[in-house]
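We use all heavy atoms of the structure for the numbers below, so side chains are in, but hydrogens, waters and symmetry mates are not. Chain A is the first sequence line, chain B the second, and so forth, proteins listed ahead of strands; every chain is numbered from 1. Quick caveat: nothing in here was measured; it's all calculated off a predicted structure.
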Amino acid sequence: MKTRFWLLDVNYEVKNDTPEIWLWGIDESGKRILVVDRNFLDYFYIVIVEGADAEKVVKEIGKAHYPLVERLEVVERKFFGKPVKAIKVYCKNPDVIPKYAKTFRKIEGVKECLEDDIRYSMRYLIDNDVAPCGWHEIEADEEESSALTVRVDKVYTAKSYPNLIEKTEVPPLRILGFSTICYSREGSPKPDRNPLIIISVATNNGEETQFVTDENKNDKPILEAFMNYVRKFDPDIIVGFGLNGQDWPYLNERCKKLRLRLHVDRAGTEPHTSVYGHVSITGRANIDLLDYADEFPEIKVKTLENMADYLGIMKIEERTLIEDVDFADYWDDKAKRETLKKFSMENTRCIMGIAQAILDFAMQLSNLVGLPIDHVGTAAVGFRVEWFLIKHAQKISELVPKRIEQPYRPYVGAIVLKPEPGLHENIAVLDFKSMYPNLMITYNLSPDTYISPKEPPPKSGFYEAPEVKHRFRKEPVGFYKEVLSYLIKVRDEIRSKMKKTAAGSVEYRVLDARQKAVKVITNASYGYAGWIGARWYIKPVAEAATAWGRHTILNAIKMAENAGLKVVYGDTDSIFIKHEPEKIDKLSKEIEEKLGLEVKPDKVYMRIFFTEAKKRYAGLLPDGQLDIVGLEVIRGDWASIAKKVQERVLEIVLKEQSPKKAAKYVQETIYELRQKRIPYRDLIIWKTLTKAPEEYEVKASHVEAAKMLMEKGWKLSVGDKIGYVVVVGTGRLYERVKPYMFASYDDVDMEYYVSKQIAPAAARVLESFGITEEELLGSKVEEKETRKLTDFFGA
DNA sequence: GCAGCCCTATTACCT
DNA sequence: ACAGGTAATAGGGCTGCG
């Protein structure tokens with residue numbers, strides 16, 4: 001019978017050298033199903049040396065008799081666009097492939113083995129055009145009494161391969177979110193000594209539950225209760241914040257210690273860490289929302305509360321936040337324990353809210369890229385692009401290259417113009433639409449169209465990049481060009497469909513998530529091309545893209561100037577010019593005609609302020625919004641107080657055009673700070689630990705703060721953000737810092753924040769208007785104070 | 001011993 | 001573990017002072 005299902009998760013098992021693909025899905029009636037497919041043979045390729053005899057290699061392998069080789073097939077494929085002869089080696093057991101590939105490489109006439117590094121489950125998805133988070137139809141028999149002990153409504157045996165069907169909707173899914181609190185007085189909790197004291201769970205049917213230990217902090221019962229709850233609710237998706245790095249490893253270890261089996265999946269196995277460091281829970285999708293925090297660069301410190309605040313789920317001001325250091329105190333103090341419980345439940349509520357905001361995107365990304373939803377989040381951008389490419393390579397018979405370790409060789413990038421410092425009125429921004437992807441399309445820049453210097457020019461012609469002189473065939477259409485054209489076309493289609501869909505409807509939301517996913521992959525394509533870790537890395541491809549980019553913008557600038565439009569700034573693919581609508585209109589048309597790339601008039605600033613520096617400016621938009629770029633306001637490594645002051649200064653300067661008023665405001669804030677009336681949180685400075693503390697060549701504040709945390713038992717790792725404050729004392733700056741949780745307000749050195757935070761941030765703007773840092777430094781305010789006193793005494 | 005200079009390490013931004 | 005271009009701060013080495 002035919003069955004239609006939406007694919008949630010995939011895994012494989014090997015039984016007696018026979019592999020089985022397990023497709024976990026939800027059918028149209030909402031039943032949870034498992035389809036077992038035993039029909040698909042795994043394989044890899046042997047590439048034959050040019051001119052060598054493939055049949056001879058086939059015979060050679062046959063002679064040695066490899067029992068797990070099922071079949072050999074001589075095929076024609078392409079490798080970097082060039083035709084190659086290859087042998088497709090079908091194997092009974094996918095797990096022997098790496099070993100066989102290694103062995104066969106040594107046979108005479110064999111150039112190399114390829115695609116032996118593609119996992120069986122991914123191979124299955126790619127070859128059969130099966131997409132996670134998408135609908136499929138399959139011919140399958142129901143197993144009446146399955147021998148499998150799996151938690152689903154129905155088990156099927158596949159009789160055909162699945163067929164992709166067009167259907168955008170997502171079936172109703174059961175979603176469970178949870179967060180945990182551990183008890184520790186010795187720094188970071190460790191599973192062998194510290195119990196879990198609270199587990200807060202919520203589900204998308206509105207249920208909220210807390211599992212809280214007794215006075216003895218005996219967590220065995222609550223762990224059992226939690227697992228029972230999960231199995232009973234039987235979620236399709238489990239969400240949390242920091243699940244892969246924190247919760248699951250901790251739960252795993254803790255259960256081991258308590259001699260419990262961590263059983264939360266649909267097949268009776270334990271959660272296990274898999275590719276890209278994601279934790280896999282068989283039959284369910286385990287989604288760590290922390291992985292999606294990177295999609296929001298505005299969130300500087302990637303914490304649950306910051307993310308929830310940013311997404312408008314729960315405002316920080318409306319919460320009582322409790323630091324990890326204080327968990328034990330809150331628990332031990334009966335009066336405060338309820339606050340801790342409330343905090344924990346709120347965390348889970350935040351998780352459910354964020355999940356709602358992100359799941360559509362995650363599903364669309366998974367569906368587009370082809371990686372199962374639980375992998376796609378943990379996979380770095382480069383790998384997402386790569387899987388999308390691999391999926392496409394299969395369709396055009398292009399073999400997937402091996403990842404080769406390469407030395408880092410830098411190349412020249414984009415052009416940035418020096419701005420015309422100071423204030424400007426009515427400035428329009430003209431942007432090239434997706435410049436790099438479009439350049440790659442226009443000039444057919446691709447790994448498979450590149451002509452190396454030793455090759456003769458092809459008859460069908462070639463494009464030669466300016467400056468760097470790299471050549472690319474005009475024909476045939478390159479791999480990248482094909483993929484990028486498809487992405488751009490699809491995104492346009494989605495967006496026009498969105499216009500016909502009611503904004504706010506479910507379909508609209510899904511479409512919007514889809515177009516965002518497409519955009520993310522499109523925009524990352526140039527970066528991928530220049531990434532030395534890329535399987536399809538060919539430096540000249542990226543180098544030619546930037547060369548054409550420089551050529552394009554320099555020409556655009558020339559045209560603007562010839563049209564009598566002064567260019568006041570520009571960066572990579574944008575030019576900032578005086579807003580003269582008719583001239584700009586004409587210019588846009590000329591650029592499109594002569595340079596073959598689309599431009600779009602972007603913003604028009606009523607007023608814009610440029611510093612002396614590139615990449616740092618602030619503009620006032622017609623709706624009164626400030627657009628701040630590169631300045632301290634948007635940097636995460638400045639104290640909030642300095643950022644707030646600078647933002648207000650910019651607002652006064654741009655809206656009221658009164659630098660004097662701004663200066664006065666700065667002096668007042670400095671006064672407030674010295675009076676200790678500025679909240680402590682506004683004085684914390686956050687910096688990322690980019691390597692292990694001992695690897696630093698020079699002493700640095702955040703590293704010293706990190707060391708103090710580690711000494712007190714806190715586990716820190718590379719990538720963590722360290723929050724610290726500067727305290728009073730002598731010596732170097734790094735000798736006067738403390739992790740913010742360890743210092744008190746009275747320790748803080750206000751003069752540091754005056755002279756090294758507020759003053760420079762404000763002066764960055766105000767010095768353009770003749771107000772120096774010294775003037776801001778509060779001397780006048782102090783004078784006033786002193787004068788008052790002298791006046792008093794003098795009277 | 002330290003101010004002043006210059007260079008480098010470090011971080012986080014822009015497109 | 002997508003690219004290069006850029007700004008800004010603090011550390012650290014060195015010179016030269018007296």
Side-chain angles (χ1 to χ4, degrees), chain A residues 276-277 294 297-298 300-301 378-389 403 405-406 408-419 429 431-437 440 520-537 539 541-547 549-550 553 569-576 602 611-617 627-639 642-643 685-691 695-704 718-719 721-722 726 731-737 752 755-757 760-761 763-764:
Chain A
Y276 309 124
D294 290 339
E298 300 91 339
K300 303 297 172 187
V301 184
T378 46
V381 180
F383 295 106
R384 293 177 189 172
V385 174
E386 193 149 75
W387 278 110
F388 178 75
L389 291 174
R403 203 181 302 287
E405 226 178 296
Q406 316 231 21
Y408 172 70
R409 294 267 78 210
Y411 62 90
V412 183
I415 286 177
V416 188
L417 301 186
K418 246 195 188 144
V429 184
D431 267 327
F432 280 95
K433 267 174 81 180
S434 313
M435 187 193 233
Y436 287 136
M440 289 160 88
V520 163
I521 297 300
T522 312
N523 288 347
S525 59
Y526 153 71
Y528 175 83
W531 175 40
I532 55 166
R535 288 173 186 262
W536 276 282
Y537 173 69
K539 195 176 84 160
V541 174
E543 208 167 23
T546 59
R550 293 190 298 274
I553 193 165
Y569 181 62
D571 186 347
T572 313
D573 60 355
S574 64
I575 53 173
F576 291 56
D602 196 18
T611 61
E612 303 266 333
K614 297 169 176 180
K615 297 185 189 277
R616 312 189 117 222
Y617 59 87
D627 208 1
I628 302 169
V629 179
L631 292 165
E632 283 72 7
V633 176
I634 46 97
R635 288 187 68 100
D637 57 350
W638 283 71
K643 308 206 296 177
I685 297 164
W686 294 91
K687 278 199 170 94
T688 309
L689 201 61
T690 59
K691 47 189 152 187
E695 284 169 30
Y696 279 84
E697 290 182 40
V698 289
K699 301 253 183 187
S701 306
H702 68 299
V703 183
E704 292 309 301
V718 171
K721 280 256 199 291
I722 314 295
V726 177
R732 291 290 200 177
L733 184 58
Y734 65 80
E735 296 169 299
R736 300 191 283 123
V737 298
Y752 168 80
S755 66
K756 299 289 180 180
Q757 292 279 327
R764 192 99 51 229

Practice problem: Would you mind classifying the nucleic acid contact of A/K699 as base, sugar-phosphate or nothing, using non-hydrogen atoms under 4.0 angstrom? | Solution: sugar-phosphate
Exercise. For A/R764, answer base if it contacts any base atom (sugar-phosphate contacts may also be present), sugar-phosphate if it contacts only those atoms, and nothing otherwise; contact means non-hydrogen atoms under 4.0 Å.
Key: sugar-phosphate
Self-check item: Partners meeting side chain to side chain contact (heavy atoms under 4.5 Å, CB included) with A/A642 (sequence neighbours left out)
Solution: A/W638, A/Q757, A/A761
Exercise. Check every strand shown and say whether A/R384 touches a base, only sugar-phosphate, or nothing at a heavy-atom separation below 4.0 Å.
Key: nothing
Practice problem: Could you pick out which residue, A/V412 or A/S525, lies toward the 5' side of DNA chain C when each is mapped onto its nearest nucleotide? | Solution: A/S525
Quiz item: With a 4.0 Å cut-off on heavy atoms, is A/V629 in touch with a base, just the backbone sugar-phosphate, or nothing at all?
Solution: sugar-phosphate
Quiz item: Which residues satisfy the salt bridge (Lys or Arg N to Asp or Glu O under 4.0 Å) test with A/D627, sequence neighbours excluded?
Solution: A/K603
Practice problem: Sequence neighbours left out, what passes side chain to side chain contact (heavy atoms under 4.5 Å, CB included) with A/R732? Give chain and number order. | Solution: A/Y734, A/E735
Self-check item: Rounded interatomic separation in angstrom, taking CD1 from A/I722 and C1' from B/dA12
Solution: 16 Å
Quiz item: NA contact type, A/G413, heavy-atom cut-off 4.0 Å: base, sugar-phosphate, or nothing?
Solution: sugar-phosphate
Exercise. Look at A/R403 together with A/E386 and state whether they make a salt bridge at an N to O cut-off of under 4.0 Å.
Key: yes
Quiz prompt | Whole angstrom value for the distance that separates C1' of B/dC14 from OH of A/Y436 | solution = 12 Å
Quiz prompt | Non-neighbouring partners of A/K691 that pass salt bridge (Lys or Arg N to Asp or Glu O under 4.0 Å), sequence neighbours left out | solution = none
Quiz item: Has A/Y617 got a side-chain N or O lying under 4.0 Å from the OP1 or OP2 atom of B/dT15?
Solution: yes
Quiz item: So what does A/F388 hit on the nucleic acid, given a heavy-atom distance under 4.0 Å: a base, only sugar-phosphate, or nothing?
Solution: nothing
Quiz prompt | Sugar-phosphate only, base, or nothing, as touched by A/G636 at under 4.0 Å among non-hydrogen atoms | solution = sugar-phosphate
Quiz prompt | Nucleotide interval of DNA chain C bounded by contacts with chain A (heavy-atom cut-off, under 4.0 Å) | solution = C/dA1 to C/dG12
Quiz item: Reading nucleotides 4-11 of chain B 5' to 3', which nucleotides get B (base under 4.0 Å from a protein heavy atom), which S (sugar-phosphate only), which -?
Solution: -----SSB
Practice problem: Only counting residues at least two apart or in another chain, list the ones meeting ring-ring contact (aromatic ring centres under 6.0 Å, His included) with A/Y569. | Solution: A/F576, A/F610, A/Y617
Quiz item: End-to-end bend of the helix from B/dG1-C/dC17 to B/dT15-C/dA3 (five-pair axes, 10° rounding)?
Solution: 10°
Quiz item: Of all residues at least two apart in sequence or in a different chain, which pass the ring-ring contact (aromatic ring centres under 6.0 Å, His included) check with A/Y526?
Solution: A/Y436
Quiz item: Is any NZ, NE, NH1 or NH2 atom of the basic residue among A/D571 and A/K614 found under 4.0 Å from an Asp or Glu carboxylate oxygen of the other?
Solution: no
Quiz item: Can you name the residues that form a side chain to side chain contact (heavy atoms under 4.5 Å, CB included) with A/I628, not counting sequence neighbours?
Solution: A/A618, A/L626, A/L631, A/V633, A/E647, A/L650
Quiz prompt | Any residue meeting ring-ring contact (aromatic ring centres under 6.0 Å, His included) with A/F383, in chain and number order, not counting sequence neighbours | solution = A/Y276, A/W531
Exercise. Just call it for A/A542: base, sugar-phosphate, or nothing, with non-hydrogen atoms closer than 4.0 Å on any strand.
Key: nothing
Practice problem: For A/I634, report the nucleic acid contact type (base, sugar-phosphate, nothing); a contact means any heavy atom under 4.0 Å. | Solution: sugar-phosphate
Exercise. Taking atom types as modelled, find out whether A/Q406 and A/Y537 have a side-chain donor-acceptor pair closer than 3.5 angstrom.
Key: no
Exercise. Select base, sugar-phosphate, or nothing to describe what A/Y408 touches, counting heavy atoms under 4.0 Å on all strands.
Key: sugar-phosphate
Quiz item: Partners of A/T688 by side chain to side chain contact (heavy atoms under 4.5 Å, CB included), sequence neighbours excluded?
Solution: A/T690, A/K721
